[in-house]
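Note that ligands are numbered from 1 as they come in the structure, with each ligand's atoms numbered from 1 the same way. One is the number of the first residue; the rest follow in order along the sequence.
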Amino acid sequence: MAANPAPDVRVGAVEAGGTKFRCALVRGDGDVLADGRIPTTEPAETLARVVGFFAEAQRRHGAAQAFGIGSFGPLDLAPGSPTYGRLLRTPKAGWAGVDLRQLLQERFGRPVAIDTDVNAAALAEAERGAGRGLRSLAYVTVGTGIGGGVVREGRTLRGAMHPEMGHILVRRDPRDTAFAGTCPFHGDCLEGLASGPAIQARWGAPLDALGAPVDALEIIGGYLAQLVVSIALLTACERIVIGGGVMTQAALWPRIRTATRRLVNGYLPMLRDEASLADYLVPPALGERSGIMGAALLAERLL
Ligand code: ZN
């Protein structure tokens with residue numbers, strides 16, 4: 001998986017998601033020694049199973065020298081914070097304050113790195129996937145929620161906390177003014193309008209089950225284009241990778257490109273025409289592995 005010159009190195013990787021936790025014990029030469037998926041239930045049960053997975057995997061394959069976590073958020077990533085690494089106020093019941101990083105550190109006595117799931121995925125795509133040869137890249141997921149991470153010069157973007165791109169405010173489509181939006185914090189922020197649950201709440205079905213009515217695709221494509229334009233304007237990154245369940249609807253991609261071009265109106269060279277847009281907006285090269293690979297990369301960097 002993750003190429004590393006030292007094959008005797010082992011790292012533990014966790015992709016912590018709202019519906020499942022993916023765990024892997026990875027050898028430095030790229031071999032995945034053990035791979036597991038644990039449904040996300042209440043924290044004590046879920047975390048006990050994560051610890052159990054690594055205890056068993058290490059017993060069979062040797063101890064990990066470090067761990068890396070790519071987690072759903074929001075997370076406290078402020079340097080020096082006494083609650084560094086903990087989940088902040090999340091709508092996911094019972095999970096606020098949970099500290100997976102400290103738990104793994106105490107249980108296994110090894111250093112543990114943590115970042116957001118999308119920053120981890122951005123790191124993997126930047127180093128091993130769609131961003132190879134570039135110095136900057138953004139990774140966006142559009143699914144149960146909307147999130148984005150940024151990598152620049154090999155480092156993920158974080159500061160007071162981490163990017164929260166899903167909650168940017170967008171201009172409403174005139175055909176979509178009746179729907180209040182689903183975000184519990186903001187109503188009609190981007191996630192409240194264009195995530196999988198927002199599509200379901202508004203039209204009663206996911207995009208691909210709607211028979212792809214043009215309006216729905218254009219409305220969602222238009223909102224996602226506003227995110228694309230905002231990322232390009234704010235970060236000047238060289239490529240944007242867009243993944244997540246909603247993006248498997250192939251007809252959405254040309255709508256995003258068309259709306260992006262219209263919004264930019266020739267101002268940004270990398271978003272000017274169809275050819276440059278096709279190069280700028282791409283699906284994940286690593287498919288569904290970018291998150292777990294990114295978590296392994298976070299761990300390797302501790303060594
Ligand atoms: Zn929001």
Participant: Tell me whether the rings of His167 and His186 are parallel (<30°), tilted (30 to 60°) or perpendicular (>60°).
Facilitator: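 It falls in the perpendicular class, over 60°.
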
Participant: Does the ring pair (Phe, Tyr, Trp, His ring centres under 6.0 Å) test come out yes or no for Phe21 and Phe53, once each step is laid out?
Facilitator: CA-CA 11 Å; Phe21 275 51; Phe53 168 86; over 10 Å; no

Participant: Taking C-beta and beyond as the side chain, do Arg172 and Leu193 meet within less than 4.5 Å on heavy atoms?
Facilitator: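 Yes, side chains in contact.
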
Participant: Run the side chain to side chain donor-acceptor pair (under 3.5 Å) check on Thr41 and Thr46 step by step: do they pass?
Facilitator: CA-CA 6 Å; Thr41 56; Thr46 311; 3.2 Å; yes

Participant: If you draw a sphere of radius 2.8 Å around the Zn ion (ligand 1), how many protein N/O/S atoms end up strictly inside it?
Facilitator: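 Protein N, O or S neighbours of the Zn ion (ligand 1) under 2.8 Å, waters not counted, come to 4.
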
Participant: What closest approach, in Å, do Val50 and Leu104 show between heavy atoms, and which atom pair accounts for it?
Facilitator: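 In terms of heavy atoms, the two residues are closest at CG1-CD2, 4.5 Å.
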
Participant: Where do Val150 and Asn119 come nearest, in terms of heavy atoms and distance?
Facilitator: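 So the two residues come closest at N-OD1, 3.1 Å.
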
